[in-house]
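Worksheet for the structure shown next.
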Amino acid sequence: MARKLWDKNSNTDQDIERFTVGRDREMDLYLGKYDVLGSMAHITMLESIGLLEKEELTALLAELKNIYQLADNGDFVIEEGVEDVHSQVEAMLTERLGDVGKKIHSGRSRNDQVLLDLKLFTRAQIQEIVELVDQLATTLLTQSEKYKSVLMPGYTHLQVAMPSSFGLWFGAYAESLVDDLQLMQAAYRICNRNPLGSAAGYGSSFPLNRQMTTDLLGFDGMNYNVVYAQMGRGKMERTVGFAIAGVAATLSKLAYDACLFNSQNFNFIKLPNEYTTGSSIMPHKKNPDVFELTRAKCNKLQALPQQIMMIANNLPSGYFRDLQIIKEVFLPAFDELKDCLVMVNRMMGGMKVNEQILEDCRYDLIFSVEEVNRLATEGMPFRDAYKHVGLAIEAGEFQPNKSVNHTHEGSIGNLCNDQISALKNDIVISFGFDKVEAAEKQLLGK
Ligand code: ARG
């Protein structure tokens with residue numbers, strides 16, 4: 001099997017080879033399926049402009065489908081000594097079909113090939129993330145509705161402040177995720193443009209039909225300017241990194257709330273026993289380790305856009321090998337986030353709340369503003385009412401009236417969960433994943 005696409009019968013120093021290939025043989029496994037899909041679109045286009053014979057295309061497509069199947073089953077490997085996924089796929093075609101395998105690279109460079117692979121991989125990953133965020137938001141809204149009439153203390157400065165509710169608490173994180181989806185969609189739009197045809201970053205003298213590969217791969221459109229298409233390497237990852245960091249930030253805040261509220265000193269929520277972990281020495285412990293690990297992993301994920309920036313920020317235009325290193329931080333990030341989303345969904349779905357928490361007199365003062373508002377409604381100026389209640393509190397004479405009546409949008413008595421849910425559904429639908437799925441299915445002849 002040919003070892004290097006750029007082999008010109010001279011040897012490269014072994015250490016140089018090890019250093020430059022780096023972790024590509026491991027990282028490029030994420031890209032196997034997408035490298036094949038990209039090649040299918042590219043050669044279909046090559047045939048249409050006369051650079052491949054019909055029979056050659058047929059044979060190549062059939063073999064590429066086999067390789068796709070291999071990758072889909074998790075059996076695709078990049079062999080020892082083979083540089084990267086692009087070399088592996090071309091080598092497999094050449095081994096199985098002979099010289100025709102060597103024809104597929106006309107009008108293409110590994111620079112636009114890896115750009116393309118990264119975009120196809122990323123849009124598939126974004127689809128999975130969106131589905132998991134949708135599921136978690138739905139769980140949170142269900143819990144919010146279930147516990148909408150159960151009050152809990154609200155805090156400012158971690159000081160007991162005003163009445164809140166479990167309905168508000170669960171629903172707040174659902175709405176946060178909806179906003180995170182908005183940013184994710186902006187990142188998706190930037191990702192979903194075809195860079196193929198930019199070749200090494202300056203286009204090609206072959207009369208490539210870029211609109212054709214754009215349509216075959218179900219892209220929204222193309223990165224028109226070939227220099228800009230290459231500049232998208234690192235920019236797309238950084239942009240998606242920000243969107244990943246947005247979801248991660250919501251999860252780590254939720255995780256901290258959950259750890260705090262689960263503590264005996266708060267006692268607001270209870271996790272199912274089987275979702276907690278024990279201690280080797282303290283027989284009573286039921287620790288919220290899942291939330292603690294989520295918090296740490298999601299804090300780490302929030303560094304992703306910064307990591308990408310540090311790798312790529314000071315590069316001029318044009319391809320550089322530096323860009324290869326982005327894969328090491330970017331590609332594994334999706335699995336990490338997905339894992340957290342799945343676990344947090346389980347935890348939040350199984351969570352029970354303490355319906356009696358406000359019977360504890362330490363929270364009586366959260367009703368002070370309710371009392372001020374009641375007096376103000378009866379005609380006392382707000383500032384006078386404030387002072388009246390304040391003095392009663394100081395004198396130890398404040399008697400809380402624990403029934404609250406909040407009616408405006410987004411308040412305890414009017415959560416607007418239906419509106420939040422509708423917003424979520426609109427955003428999820430407008431990604432347009434079905435268009436991508438249909439294009440990929442057609443390319444694979446399914
Ligand atoms: N492994 C390379 C990367 O990820 C593929 C592109 C190689 N291009 C090159 N000109 N050496 O960037």
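What you see is a predicted model, and the numbers here were worked out from it, not measured in a lab. When a ligand or atom number is given, it counts from 1 through the structure's own listing order.
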Worksheet entry | Aromatic contact, Trp169 with Phe261 (centres under 6.0 Å) | yes
Discussion item. Checking Tyr155 now: which residues fulfil ring-ring contact (aromatic ring centres under 6.0 Å, His included) with it, not counting sequence neighbours?
Written reply: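 ring-ring contact (aromatic ring centres under 6.0 Å, His included) check on Tyr155 returns Phe266.
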salt_bridge([X], [Y]) N-O dist < 4.0 Å:
{"X": "Arg123", "Y": "Glu440", "value": "yes"}
{"X": "Arg193", "Y": "Asp220", "value": "no"}
{"X": "Lys327", "Y": "Glu237", "value": "no"}
{"X": "Glu17", "Y": "Lys4", "value": "yes"}

Any protein N/O atoms within less than 3.5 Å of an N/O atom in ligand 1? List the atom names and distances, or say none.
| from | atom 1 | to | atom 2 | distance (Å) |
| --- | --- | --- | --- | --- |
| ligand 1 | 1 (N) | Asp24 | OD2 | 2.6 |
| ligand 1 | 1 (N) | Gln324 | OE1 | 2.9 |
| ligand 1 | 4 (O) | Arg233 | NH2 | 2.9 |
| ligand 1 | 4 (O) | Lys327 | NZ | 2.9 |
| ligand 1 | 8 (N) | Asn111 | OD1 | 2.9 |
| ligand 1 | 10 (N) | Asn111 | OD1 | 3.3 |
| ligand 1 | 12 (O) | Arg233 | NH1 | 2.9 |
| ligand 1 | 12 (O) | Arg233 | NH2 | 3.3 |
| ligand 1 | 12 (O) | Tyr319 | OH | 2.5 |

